[in-house]
Amino acid sequence: MYQGKLAQLIQHPSHVGELENPSAMAEVTNPVCDDRLRLSIRVEDGIITEARFKVYGCAPTIATGSMAAELIRGKSLEDALRITREEIDRAVGGLPHTKIHCATLAVDAIWAVIDDYRRRNPV
Amino acid sequence: MYQGKLAQLIQHPSHVGELENPSAMAEVTNPVCDDRLRLSIRVEDGIITEARFKVYGCAPTIATGSMAAELIRGKSLEDALRITREEIDRAVGGLPHTKIHCATLAVDAIWAVIDDYRRRNPV
Amino acid sequence: MKRIYLDNSATTAVDPEVLEAMWPYFSEEFGNASSVHTVGQKARAAVEAARARVAELIGAQPGEIVFTSGGTESDNLAIKGVAEALSDQGRHIITSAIEHPAVLRTCRALEKRGFRVTFLPVSGGGLVEVTDLEAALREDTILVSIMMANNEIGTRQPIEEIGRLIRDVRQARGSPYPYVHTDAVQAVGKVRVDVNELGVDLLSLSAHKIHGPKGVGALYVRSGVLLAPQMHGGHHERDRRAGTENVPGIVGFGRAAELARTHLAERQRHMQQLRDHLEEGIARRIPDVLFNGDRERRVPHISNCSFRYIEGEALMIRLDLRGIAVSTGSACASGSVEPSHVLTALGRDRELARGSIRFSLCKDTTASDIDTVLDVLVEEVAALRALSPLAQPSETRV
Amino acid sequence: MKRIYLDNSATTAVDPEVLEAMWPYFSEEFGNASSVHTVGQKARAAVEAARARVAELIGAQPGEIVFTSGGTESDNLAIKGVAEALSDQGRHIITSAIEHPAVLRTCRALEKRGFRVTFLPVSGGGLVEVTDLEAALREDTILVSIMMANNEIGTRQPIEEIGRLIRDVRQARGSPYPYVHTDAVQAVGKVRVDVNELGVDLLSLSAHKIHGPKGVGALYVRSGVLLAPQMHGGHHERDRRAGTENVPGIVGFGRAAELARTHLAERQRHMQQLRDHLEEGIARRIPDVLFNGDRERRVPHISNCSFRYIEGEALMIRLDLRGIAVSTGSACASGSVEPSHVLTALGRDRELARGSIRFSLCKDTTASDIDTVLDVLVEEVAALRALSPLAQPSETRV
Ligand SMILES: Cc1ncc(COP(=O)(O)O)c(C=O)c1O
Ligand SMILES: Cc1ncc(COP(=O)(O)O)c(C=O)c1O
């Protein structure tokens, strides 16, 4: 089922865990299948310097969660918000078509954690 | 399906044909499946000296027809009438159980041809 | 004794190449195609590759192929599946008098459930008249099921014409019904079969008639056609047919379909030449023979004829004892003979129906097989006629 | 990577001895068992020998075995066949909430045809209470269908008791109904199955669960039991199931049945020992695990447990990536998860149902396989818990 890069990411995700005293943190749930993705970030000067994720859900969510953390690192909040589902899908090496929702969940988590950051740091 | 003696008799029946000027002749039909067996005999001094058969019907009827002709030859009419379905079944080497009616038809033919003889030669 | 097998309409030998393709899926790649793990996914990939091949053989899309346990199940699924799905639209079905029992008895079973079935008669040559079909159409006709090629006499029904007629009827009515189903079990792999050229909505296939394994078949279901599943259980075959997929069987079917498609033209020519050679020999060398079924509009591998004065089963058995396998329209069991419903529908009398023999060829039949069969047949027919009380002495030539 | 297959409840590898027995019937003795000639009769003899072997495995008479395309068809035939045959006697059926979909969905389909179905609940251990069954019996109950062993958790239902209860009920009523059917697909070949000891009228089997081929099954139908055929066509299987017999498949089933009978005791012991070893290891080495289903009353080859905080499909996939095939009660497709109806019926909450893994063993599983699985499992569960937002840090031990 899972091969190449996607398998690699499922088995050996990076950025696993939770930041201590993060700048922001959010957990999103796929309402249909109950998959959960938690993202915590550290933001310095408008740039995401660190990100960690936790996940409960089907296997590809591990890959998309890991990739979400990887992709937002070093990006401005604005640039992070531009990351698309398709970009994550490509970056993990292509999801099976029944698992596209795993990429959606990752994008949702990015939006949610940035939302949280902005709530905590109103302009 | 057919092996050994039965196969032999189906392929190489004896007493095939019709006697010229027979002492008696009869044709019987199985009312269900339309098989037909014709038997002609020559009787001398109450003894069946010759018999010939013709048959239209499923393969084992060839064997039972041939065997009927064989078994009655040299017998008195009374002895011929004592031949049973089981005897013919055994003599042809054992019929498949769906084909027992072929032995019945042979016994019917023996009875019918002796009937015919007795009609022609009333006591 | 060298055996010659001319009963390929009953079943065919699995092609060695087909068996080779199936082989790994029994004990090595034995996974359940519904399992998500690697072992299962290899099975799934093999099933889907086979589906694509079966689809290609008949000009369909892979998603339109539903694998079943054989031609019988395909026919049952098509007819009951449509009947159940469309029972609110109507309860009338049209079929022919010479269908395979898998269609006929399924229709009879539906009659008990309140459906009405018209069994169209056929011509003396075994062909359905499209005008008869047209006349039989009713407002509430939901399904027309006419076989593409008859299994006893090989005649080809005018399915393209039927497809066109029904398309026009639907257009005139502004309705997607009636559907057209064809049992193409005896046509597939023998002649070109293309679901779009035929204009059918459902089409039945069976693997073991095209050198694939027994116990596997398929039903083509045109995209969008409503069909109620008849086997309930897991979500196999996109909820159209439950039951763990017979992976090696399906793989074998796929390979057989691929071979059938690649070699269609040459096989067709080969079988037809030998079949014609057989028929010429019979006509020339044996008197009092009647060929059954239209001689032109038929598949290339079947020849059916009636030998007067003799009984088909006896001839079949005597041929078998000499190493030649054929079949007969007359099967006598427990003292009762059911004469073939096909030959009866053609108007053959009981004697001729009983005296019928079907020779059915395949790609592996050789010219020397046919020559041997002719020689043996001449002898056996003569011997049985010499035995027959129906033949006049003058008619029996040995 | 050496692969370890612990998904034998999904399907088993065909035993090399079984394959060897099947082999000749594909391309050499390829006849149609309905053909009267020698080629056909050899196939017929092989089918009948296999029938005798399958019958012997379950203490039945050969004439009581109907070959089908698998366990799914056997269940469909049993339930729909009885419903149709006895619909004049009554329209109520009793089954359980944890049956295989082949039973559950068939019952649902019958509800649409006007039958009433009681789905009995089960205890927390996954067992039907005979008193519940007794209470559910109605005047018009025609069929009780309770599986012998559950395919997800392996629990064994009290079929003997049910058989006795129904026998008494029938005697009191002076009626041959209700019939008792049991889906024994997961029990056959794993524990002793004897139709007379069980007191059942119908029993479903599937070849591919006992190292036979996919696409073949059987239904035991006690002599005298009324059953309406569900597949219409030729006169196969004494008019109880139409369709050209899958000769090699049936032969393989026969051989697998024979091997299962001969080696039953040793296989049973072997699987149970290894299964217990697996469960001990899990209980000792992994915290927060719940075993699903009664630990005593069950078949020897299945173990099912829920790992808190983690999701079954993710664990299954990670095990697969390390060469270990298992299955899970949670299958996520297109973003919707159907939690296992069995675990739900046991009262497991959504999280536990989703975190369940089924390990299913076979005769070929080795102790070293189990040791490897344990080592890998400990690592993978810990890794997934480290990833899980549900687990508290203190709960995750790596
Ligand atoms: C025309 C036709 N339809 C249906 C069938 C049934 O197919 P199967 O033998 O695969 O059940 C056959 C052959 O038996 C056939 O010749
Ligand atoms: C308990 C049970 N019943 C029925 C079936 C269906 O059998 P088959 O896979 O042969 O269709 C299975 C397996 O899938 C099963 O485990």
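Any value given below was found using the heavy atoms of this structure, including those in side chains, with hydrogens, waters and symmetry copies removed. Chain A is the first sequence line, chain B the second, and so forth, proteins listed ahead of strands; every chain is numbered from 1.
- A distance of 13.5 Å separates CG of D:L315 from SG of A:C58, quoted to the nearest 0.5 Å.
- In this structure, the separation between CZ on D:R385 and NZ on A:K54 is 12.0 Å, given to the nearest 0.5 Å.
- Taking CZ from D:R354 and CG from A:D35, the interatomic distance works out to 4.5 Å, rounded to the nearest 0.5 Å.
- Side-chain contact between D:L384 and A:I62 is present, with heavy atoms from C-beta onward closer than 4.5 Å.
- Proximity to chain A is limited to the backbone of D:I310, based on heavy atoms less than 4.5 angstrom apart.
- Residues of residues 119-127 of chain D having a heavy atom under 4.5 Å from any heavy atom of chain A: none.
- Residue D:K2 places its NZ atom among more than 12 non-hydrogen atoms of other residues, nucleotides or ligands, all under 6.0 Å distant.
- With values rounded to the nearest 0.5 angstrom, D:D320 atom CG is found 10.0 Å from A:I10 atom CD1.
- Across D:P389 and A:Y56, no two heavy atoms sit closer than the pair CD-N, 3.5 Å.
- With a 4.5 Å cut-off on non-hydrogen atoms, A:P96 does not touch chain D at all.
- D:E111 CD: more than 12 foreign heavy atoms inside a 6.0 Å radius.
- A salt bridge between A:D34 and D:R350 is present, with a side-chain N of the basic residue lying under 4.0 Å from a carboxylate O of the acidic one.
- Among the residues in residues 36-47 of chain A, those with a non-hydrogen atom closer than 4.5 angstrom to a non-hydrogen atom of chain D are A:R36, A:R38.
- Atom CD1 of residue D:I317 and atom OH of residue A:Y2 lie 4.5 Å apart, to the nearest 0.5 angstrom.
- Most heavy-atom pairs under 4.5 Å with chain D, from the set A:R52, A:E27, A:E18, A:Q11: that is A:Q11.
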